[in-house]
Every structure is written in C-alpha cells, then in structure tokens.
Amino acid sequence: MNIIIKNCNVLGKEQKELFIKDGKFVASYSDSEADRVIDLGGKQVIPGLIDMHCHLREPGFEYRETIASGTRSAAKGGFTSVCPMPNTKPVADNAAVISGILKKAQDAGYCRVYPIGAASKGLSGKELAEIGLMKEAGAVAVSDDGKPIATAELLRKVLEYSSDFDMPVLNHCEEMSLADGAMNEGAISTSIGIRGIPTAAEDIMIARDIIMAEYLGLPIHICHVSTKGGVRMIRDAKARGVKVTCETCPHYFTLTEESCLDYDSNFKMNPPLRTEEDKLAIIEGIKDGTIDCIVTDHAPHHEDEKVLEFSLANNGIVGFETAFALGYTYLVKPGTITLEKLVEVMCFNPSEILKLGRGGLNEGDDADLTVVDLENEFTFEKDKMLTKGRNTPYDGYKLYGEPVLTIMGGNITYEKLC
C-alpha cells in the first residue's frame, strides 16, 4: 500500500509529511499515486515500538493468548516488533518450535516477531539448548525466562557458547531459595499475612550475573529490574566498563507494594511490586541511562488463574496496550524524561541490544511507525483490550499518549483516528 501521512510531527525531524511506498519510506510522490492520504492533524509520529520481553503463550497455552491475538494487542499498543519468551509448551528450545512461532506470526501479520530461545533444554537449568540451530531458525537471544539460569557454571557456559553465535543472553534474576513468596517482603506483607520475597533475592542474582559478565568480558542483559539495590549495582558496573544492560517494566515505575493491600491479584507479579523507594530508584535509573529499556513482560492469564486467593493466583499482567501511555503519562509529562528518551528505551535500545536494525524513519527504511495522541487524555478500559487476558491493574486509569495508528512494513495494523 502507498500511503502519504500529512500534517504530522515526526520525531527528530522538521518534515511534516511521510511517504510510504512498497513497505519503505521514500522521499516523496504525488497524492495521485497514493492508495491513501492520512491527515494526522498535528499528531506525533514515532518509530514503531519494540518490546524485547513478552509472552505470546503459543504453542501450548492458547487459552491464555495466541500469537495472532497477542500481536494484534501489541499493534494496538504501538508495537511493530515483539520478542516472545520461550516458556511455551513445548518449550522454545529447538529450531522446530522457533520456526513454528515465526510461521504463525507471519500468518497473523500484525507484528514482526523475534523469538527468544531457551538457554537450557526444557528450561531445566541442566543442559544447554540448541543455541546455534535456534539462531539459524530465527531466534535473536536466549533466556530461561521466568527462571534464572540455574547455576554460575551453567551461566558461564551459556555466555561463552552464545557469544560464538553473537546471541545476547537475557536472565531473570532471582535467587530461588529466597523466592517462596507472593509479594515484596516488608511491613505490608507482614501486616496482611502474605509471605514475602525479599529484594535480596533479586539483588544476589544480579550481583552474580555482573561478576560473571565482568570475569568473562562478555555481555549480559538483566530482565525486569525492580530494586534500588539492583539499579545501584548495574550503575556501578557500567561505570567500570562491565558489558551489562537491563530493562524494567511500567508497573515498577507506576505502582508499589501498597497496591497489594486489598489482595487484588492483578497486582501480583514477579518480580513483585516493591517500595516507594525502589520505585523512585527505577525512575532515576531510567532518567540517567542505567536502565536501557522499558519492556512490558506482557503475561496474559485466563480469569480462572487470576481470580483466586492472592497467594494462589498466577504472577503477571498484560502490558502491550498500556506501556507507552504509562511511560508518557508518568515519565514524560512530569518532565522526568523527554519523549525522545522514552522512544530510546522503547525502540532504539532494544533494537541495538538484540541487533534488530529497527527504528529508522529515513528514506529506504522499512515503514514501521506509530502515531500517538499526546494532547488528549483517555480512560483505559480493560474490556476494550484486544488481548485475550484481562489481568491488568490499570483499568480506569486516566492516561495520555494513546497510540492511534500503527503501521508495520507499510501495512496498517491498528487504527483509531477520528
């Protein structure tokens, strides 16, 4: 489709028009050559967002989400590329599963999908997965996802072997011997009778990973950082040249453990929501560049898995359709970071870490873009989400920065223009 986008603000450019032809940005052409001309009325154009940590559930858990429903939801959230984690059934630890995921994504057509393969076979933490074969099939990184890479010995093997294939290693940092709980350990968990998970569980594993990366001189990426101590260690490690990058999620800079006081399982996640002090440290880490990426950790569940006693409910929330708006509302509008910085942590940095080559709005680049309405407040409503999951803590929130148009490879994948 040939599309001309007029009367827009393009991030980092003075131009007010964009021209898309055969899936690419081009210099210009006449209106008569366009299949569609879209007047944005001054709305903001940014590069298509990239989520480097999400869960699409297929294969094996299609009752929670499918690749089609998940990527459709991602497109509504302004994402043009997503990276699903390997905790599927069967586990994405071999070329066949990776190829199957890519085929389903291509058939759906809503997003570019870059699978993350398992670091160990079956996520068991015992034996290396087929890392080279998975890369040939299309995997872009390895991780044991909701489990940490089990031992320092295995982590060393994963880092060394993955480096031969130029494959980033992403690790869930949690010392499992301390992790038998349902929320952050502290005064609130004690007062409401919920067993807690101490921040030390996350900090110990972050320290291990930094030490190993520094010893080997190899890069490592720390998933969903939630603690003040974790931010401090990563900041210090970067200052002395350790090849460490990291991410956080919107819930860690918008919510705290106090949200768990009413036992609402939509606030149950892993890592758990932490203290106000931790939240402020996360915000400062985004601001000063310690935290490289904002991801969603999109984790849809069936209602029967969330509407339970707090301690029995599954961890996780859906996040595709709220991530950008939460970042804009809670970070950009208060003046903590700029819009350019938000796009950096939600597009450019994930692309660089995973070597995706995405994010350009220049002539010849693939036409991946998102249009966001920065001026008008909207109310987020969970019943209007496109994901199968309804497990969100943000129902009824007043937000800014709603994605209203998403284009991936020159194809409109989501549209809400009025």
**Q** Does one side chain, of Glu257 or Thr275, offer a donor that lies under 3.5 Å from an acceptor on the other?
**A** no
**Q** Show the nearest heavy-atom pair for residues Ala313 and Lys268, with the distance to one decimal.
**A** O-NZ, 2.5 Å
**Q** Is the backbone of Thr66 close enough, under 3.5 Å, to the side chain of Ser69 for a donor and an acceptor to pair up by distance?
**A** yes
**Q** Does atom NZ of Lys157 have more than 12 heavy-atom neighbours, drawn from other residues, nucleotides or ligands, at distances under 6.0 Å?
**A** no
**Q** Check step by step if salt bridge (charged side-chain N to carboxylate O under 4.0 Å, His left out) holds for Glu415 and Arg36.
**A** CA-CA 13 Å; Glu415 182 174 7; Arg36 185 167 176 192; 2.4 Å; yes
**Q** Answer yes or no: is there a side-chain heavy-atom contact under 4.5 Å between Val37 and Lys6?
**A** yes
**Q** Keeping Asp144 on the side-chain end and Ser120 on the backbone end, is there a donor-acceptor pair under 3.5 Å?
**A** yes
**Q** Hey, is the main chain of Asp292 close enough, under 3.5 Å, to the side chain of Asn349 for a donor-acceptor pair?
**A** yes
**Q** Are the side chain of Asp203 and the backbone N or O of Gly230 linked by a donor-acceptor pair below 3.5 Å?
**A** yes
**Q** Please confirm whether the backbone N or O of Arg156 pairs with a side-chain atom of Tyr215, one donor and one acceptor, at under 3.5 Å?
**A** no
**Q** So Ser30 and Glu33, side-chain hydrogen bond (donor to acceptor under 3.5 Å, both in side chains) or not? Walk me through it.
**A** CA-CA 6 Å; Ser30 66; Glu33 297 177 75; 3.3 Å; yes
**Q** Does Lys103 pair with Asp107 as a salt bridge, N-O distance under 4.0 Å?
**A** yes
**Q** If you look at every heavy atom in Ile20 and Tyr29, which pair is closest and at what distance?
**A** O-OH, 2.6 Å
**Q** When you check the gap from the basic side-chain N to the acidic O, do Lys388 and Glu58 get nearer than 4.0 Å?
**A** no
**Q** Can you pull the salt bridge (charged side-chain N to carboxylate O under 4.0 Å, His left out) pairs that have at least one residue in residues 164-175, sequence neighbours excluded?
**A** Asp166-Lys355
**Q** Looking only at heavy atoms, which two atoms of Ala95 and Leu133 are closest? And how far apart?
**A** CB-O, 3.7 Å
**Q** As an exercise, state the distance from CD1 of Ile407 to CD1 of Ile38, rounded to the nearest 0.5 Å.
**A** 5.0 Å
**Q** Can you pull out every salt bridge (charged side-chain N to carboxylate O under 4.0 Å, His left out) where at least one residue sits in residues 60-79? Sequence neighbours excluded, please.
**A** Arg64-Glu305, Lys76-Glu321
**Q** Could you tell me whether the side chains of Asn266 and Lys306 share a donor-acceptor contact shorter than 3.5 Å?
**A** no
**Q** Just wondering, more than 12 heavy atoms not from Glu277 lying within 6.0 Å of its CD?
**A** no
**Q** Can you check side chain to side chain contact (heavy atoms under 4.5 Å, CB included) on Val82 and Phe320, steps first, answer last?
**A** CA-CA 10 Å; Val82 297; Phe320 285 144; 4.0 Å; yes
**Q** Looking at Thr88, Asp297, Thr296, which hits side chain to side chain donor-acceptor pair (under 3.5 Å) with His55?
**A** Asp297
**Q** Show the numbers, then the answer: is there a side chain to side chain contact (heavy atoms under 4.5 Å, CB included) between Ile3 and Leu18?
**A** CA-CA 8 Å; Ile3 303 172; Leu18 283 172; over 6 Å; no
**Q** I'd like to check the salt bridge (Lys or Arg N to Asp or Glu O under 4.0 Å) partners of Lys382; sequence neighbours left out, ordered by chain and number.
**A** none
**Q** Is it true that, when you exclude Glu303 itself, more than 12 heavy atoms of the residues, nucleotides or ligands shown sit nearer than 6.0 Å to its CD?
**A** no
**Q** Quick check on Lys89: does its NZ atom have over 12 non-hydrogen neighbours (other residues, nucleotides or ligands) under 6.0 Å away?
**A** no
**Q** Mind checking the SG-CG spacing from Cys347 to Asp51? Nearest 0.5 Å is all I need.
**A** 11.5 Å
**Q** Do Lys279's NZ or CZ and the ring of Tyr252 fall within the cation-pi criteria of under 6.0 Å and 45°?
**A** no
**Q** Which is it for Asp39 and Asn7 under the side-chain hydrogen bond (donor to acceptor under 3.5 Å, both in side chains) test, yes or no, and what are the steps along the way?
**A** CA-CA 6 Å; Asp39 189 323; Asn7 194 16; 3.2 Å; yes
**Q** Return the orientation label for the Tyr394 and Tyr397 ring planes: parallel under 30°, perpendicular over 60°, tilted otherwise.
**A** perpendicular
**Q** Is it the case that atom NZ in Lys104 sees more than 12 heavy atoms from other parts of the structure closer than 6.0 Å?
**A** no
**Q** Between Phe165 and Tyr161 (judged by ring centroids, cut-off 6.0 Å), do the two rings come close enough to count as a pair?
**A** yes
**Q** With distance as the sole test, does Thr290 use its side chain to make a donor-acceptor pair with the main-chain N or O of Arg235 at under 3.5 Å?
**A** no
**Q** Treating Ser162 as the side-chain partner and Val158 as the backbone partner, does any N or O pair qualify as donor plus acceptor under 3.5 Å?
**A** yes
**Q** Regarding Ser81 and Arg358, do their side chains bring together a donor and an acceptor under 3.5 Å, going by distance alone?
**A** no
**Q** Determine all donor-acceptor pairs shorter than 3.5 Å in which one atom belongs to a side chain in residues 241-249; sequence neighbours excluded.
**A**
residue: Lys243; atom: NZ; partner: Gly217; partner atom: O; Å: 3.1
residue: Thr245; atom: OG1; partner: His221; partner atom: ND1; Å: 2.8
residue: Glu247; atom: OE1; partner: His221; partner atom: NE2; Å: 2.8
residue: Glu247; atom: OE2; partner: His53; partner atom: ND1; Å: 2.7
residue: Glu247; atom: OE2; partner: His224; partner atom: N; Å: 3.2
residue: Thr248; atom: OG1; partner: Val225; partner atom: O; Å: 2.8

**Q** Would you say the side-chain atoms of Gln15 pair up with the backbone N or O of Glu17, donor to acceptor, closer than 3.5 Å?
**A** yes
**Q** To the nearest 0.5 Å, tell me how far Asn184 CG sits from Met269 CE.
**A** 12.0 Å
**Q** Are Ile294 and Val345 side-chain neighbours, meaning at least one heavy-atom pair lies under 4.5 Å?
**A** yes
**Q** Would you say Arg274's side chain and Lys228's backbone share a donor-acceptor pair under 3.5 angstrom?
**A** no
**Q** Give, for atom CD1 of Ile101 and atom CG of Leu56, the distance between the pair rounded to the nearest 0.5 Å.
**A** 8.0 Å
**Q** Would you give the length of the straight line joining atom CG of Leu159 to atom CD1 of Ile220, rounded to the nearest 0.5 angstrom?
**A** 5.0 Å
**Q** Give every residue pair that meets the salt bridge (charged side-chain N to carboxylate O under 4.0 Å, His left out) criterion with at least one member in residues 391-413, sequence neighbours excluded.
**A** Glu402-Lys416
**Q** Working to the nearest 0.5 angstrom, can you tell me the gap between Asn270 CG and Met183 CE?
**A** 13.0 Å
**Q** Considering non-hydrogen atoms only, spot the tightest contact between Ile98 and Ala92 and give its length.
**A** CD1-CB, 4.0 Å
**Q** State which residues pass side-chain hydrogen bond (donor to acceptor under 3.5 Å, both in side chains) with Lys287; sequence neighbours excluded, sorted by chain then number.
**A** none
**Q** Does Asp365 come within less than 4.0 Å of Lys24, counting only side-chain N to carboxylate O?
**A** no
**Q** Taking all atoms of both residues into account, what is the closest heavy-atom pair of Phe253 and Leu326, and its distance?
**A** CE1-O, 3.9 Å
**Q** For atom CD of Glu258, decide whether the heavy atoms of other residues, nucleotides or ligands shown that lie under 6.0 angstrom number more than 12.
**A** no
**Q** Taking all non-hydrogen atoms of both residues, which atom of Asp93 and which atom of Gly122 are closest, and how far apart?
**A** OD2-N, 2.8 Å
**Q** Between Glu375 and Lys43, is there a side-chain N and carboxylate O pair less than 4.0 Å apart?
**A** no
**Q** State whether the side chain of Asn94 and the backbone N or O of Val97 hold a donor-acceptor pair below 3.5 Å, judged by distance alone.
**A** yes
